[in-house]
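All figures in this text were calculated on a predicted structure; none of them were measured in a lab.
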There are 2 protein chains.
Amino acid sequence: MAKHDTDLSALFHALADPTRRQILTRLAAGPAPVSDLAEPTGLRLPTVMRHLSVLEEAGLIASSKDGRVRTCAIVPEALQPMQAWLAEQRRIWEQRLDRLDAYVKTLMEEKPE
Amino acid sequence: MAKHDTDLSALFHALADPTRRQILTRLAAGPAPVSDLAEPTGLRLPTVMRHLSVLEEAGLIASSKDGRVRTCAIVPEALQPMQAWLAEQRRIWEQRLDRLDAYVKTLMEEKPE
DNA sequence: CTGTTAGTTAGCCTTATGGCTAAGCATGAC
DNA sequence: GTCATGCTTAGCCATAAGGCTAACTAACAG
């Protein structure tokens with residue numbers, strides 16, 4: 001599979017955790033040091049550190065240390081690959097929507113589980 | 001956290017696996033039985049079955065059994081929550097883009113790792 | 001220099017994930 | 001009935017994920 005597949009996996013995986021999405025939302029309000037990010041999660045620093053490195057490896061955040069304080073910030077372009085994937089899928093999926101719509105409903109009525 | 005947070009986690013998690021994305025892409029071409037989905041993955045049936053149930057629990061596919069054949073189909077609306085989350089994030093993130101843009105670049109130059 | 005503050009690293013624990021084989025259970029073909 | 005087919009279930013294994021504590025390092029503050 002192509003390289004951007006790896007990117008997508010890392011991206012989706014990073015976003016699959018509520019704590020990490022919480023951190024991102026917090027960072028949307030502006031850059032913040034690690035401790036500030038940790039506080040509202042109720043988790044310990046080392047745990048948050050790992051969430052941060054997952055986010056950073058996925059390219060969703062960038063960070064830099066000034067003195068003993070590490071400041072983190074979101075990287076807005078990071079969502080782009082996902083945006084692209086989503087747009088492509090919706091394009092394909094919706095081409096078949098009419099055909100599928102009734103069909104899927106039939107499936108779900110026949111056998112909900 | 002809200003209920004749709006659980007949904008989002010399940011959704012992102014389901015999409016984080018390349019095999020599962022491959023299956024979805026295959027299904028975009030139209031409904032298919034389990035065996036047909038398994039074949040191009042090179043994985044064993046039970047393994048594929050588990051991928052399918054992850055996809056189904058995330059609401060991304062629906063399936064029904066006719067005789068001994070289970071047919072699977074995508075559920076296009078399933079991407080909607082993700083689409084909504086993405087749109088919202090991009091909205092917030094990009095509000096700060098000007099301010100952040102230069103800042104993040106500074107961070108990354110200072111300390112790439 | 002001593003003490004606090006902010007991260008960091010190392011290492012442990014438990015659960016989840018992703019793969020497998022082997023065996024089971026329907027259904028459809030003979 | 002018997003047998004192949006298509007899915008299902010059970011259970012094993014290795015690795016990854018997400019949490020923790022404890023101990024260490026690097027700045028400031030006095």
Side-chain angles (χ1 to χ4, degrees), chain A residues 1 5-24 26-27 31-58 60-73 107 110-113, chain B residues 1 5-24 26-27 31-58 60-73 107 110-113:
Chain A
M1 291 180 198
D5 250 53
T6 313
D7 295 352
L8 270 184
S9 293
L11 207 52
F12 281 129
H13 173 247
L15 294 173
D17 186 286
T19 301
R20 288 195 286 266
R21 288 199 304 277
Q22 180 188 343
I23 290 174
L24 285 180
R26 166 70 186 73
L27 280 178
V34 175
S35 306
D36 284 19
L37 295 174
E39 194 267 328
T41 65
L43 299 174
R44 302 296 185 167
L45 257 189
T47 306
V48 172
M49 287 280 298
R50 274 172 81 173
H51 282 303
L52 290 177
S53 54
V54 170
L55 288 170
E56 194 153 16
E57 273 163 35
L60 284 161
I61 68 172
S63 74
S64 176
K65 212 168 170 178
D66 179 23
R68 51 187 168 164
V69 176
R70 174 173 298 277
T71 303
C72 301
L107 285 188
E110 275 177 21
K111 182 140 189 148
E113 193 65 23
Chain B
M1 292 183 196
D5 249 54
T6 313
D7 296 351
L8 270 184
S9 293
L11 208 51
F12 281 129
H13 174 246
L15 295 172
D17 185 286
T19 301
R20 286 194 287 264
R21 288 199 304 278
Q22 180 188 341
I23 290 173
L24 284 180
R26 166 68 187 75
L27 280 179
V34 175
S35 306
D36 283 19
L37 296 174
E39 194 268 328
T41 66
L43 300 174
R44 301 296 185 167
L45 256 188
T47 307
V48 172
M49 286 281 298
R50 273 171 84 171
H51 283 302
L52 290 177
S53 54
V54 171
L55 288 170
E56 194 154 16
E57 273 162 35
L60 284 160
I61 68 171
S63 74
S64 176
K65 211 167 170 179
D66 179 24
R68 51 188 169 166
V69 176
R70 174 173 298 276
T71 304
C72 302
L107 287 187
E110 276 175 22
K111 184 140 188 143
E113 193 68 21

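Each of A/G42 and A/G67 lies near DNA chain D, and the nucleotide nearest A/G42 is the one positioned closer to the 5' end. A residue-by-residue look at A/A16 and A/P46 shows that A/A16 has its nearest nucleotide of DNA chain D further toward the 5' end. With DNA chain C read from its 5' end, the first of the two nearest nucleotides for A/M49 and A/R68 is the one closest to A/R68.
Distance alone, capped at 3.5 Å, is enough to place a donor-acceptor pair between the A/R21 side chain and the A/L15 backbone. Although no hydrogens or angles enter the test, the distance criterion places a donor-acceptor pair under 3.5 Å between the side chain of A/S9 and the main chain of B/A16. Looking only at distances, no side-chain donor or acceptor of B/R26 sits under 3.5 Å from a matching main-chain atom of B/A38. Side-chain N or O atoms of B/R70 include none that pairs as donor or acceptor with a backbone N or O of B/V34 at under 3.5 Å.
The nucleotide whose nearest atom lies closest to any side-chain atom of B/H13 is, among C/dG19, C/dG18, D/dT8, C/dG18. Distance from the side chain of A/R50 is smallest for C/dC12 among the nucleotides D/dT9, C/dC12, C/dG18. Relative to the side chain of A/L43, the nucleotides C/dC20, D/dT8, D/dG19 differ in distance, and D/dG19 lies closest. For B/T19, taking side-chain heavy atoms from C-beta onward, the closest of the listed nucleotides D/dT8, C/dG19, C/dA10 is C/dG19. Side-chain proximity of A/H51 to C/dT8, D/dG19, D/dT8: nearest is D/dG19.
Between A/T47 and the phosphate of D/dC20, there is a side-chain N or O to OP1/OP2 separation shorter than 4.0 Å. When the side-chain nitrogen and oxygen atoms of B/R44 are compared with OP1 and OP2 of C/dT21, one or more of them lie within a distance under 4.0 Å.
Between B/E57 atom CD and C/dA16 atom C1' there is a gap of 13 Å when expressed in whole angstrom units. In this entry the distance linking CD of B/Q22 with C1' of C/dG19 reads 15 Å, nearest Å. As rounded to whole Å, 13 Å separates atom P of C/dT9 from atom CG of A/L52. Between A/L15 atom CG and D/dG18 atom P there is a gap of 12 Å when expressed in whole angstrom units. Rounded to whole Å, atom C1' of C/dT5 lies 12 Å from atom NZ of A/K65. Residue A/L55 contributes atom CG, which lies 11 Å from atom P of D/dG18 at whole-angstrom precision. For the pair B/L45 CG and D/dT8 C1', the computed distance is 9 Å after rounding to whole Å. The interatomic distance linking B/R20 (CZ) with C/dA16 (P) rounds to 15 Å, in whole Å.
At the heavy-atom level, B/P33 lies under 4.0 Å from the strands shown only through sugar-phosphate atoms.
If you run side chain to side chain contact (heavy atoms under 4.5 Å, CB included) between B/C72 and each of B/S63, B/P33, B/P31, only B/S63 comes through.
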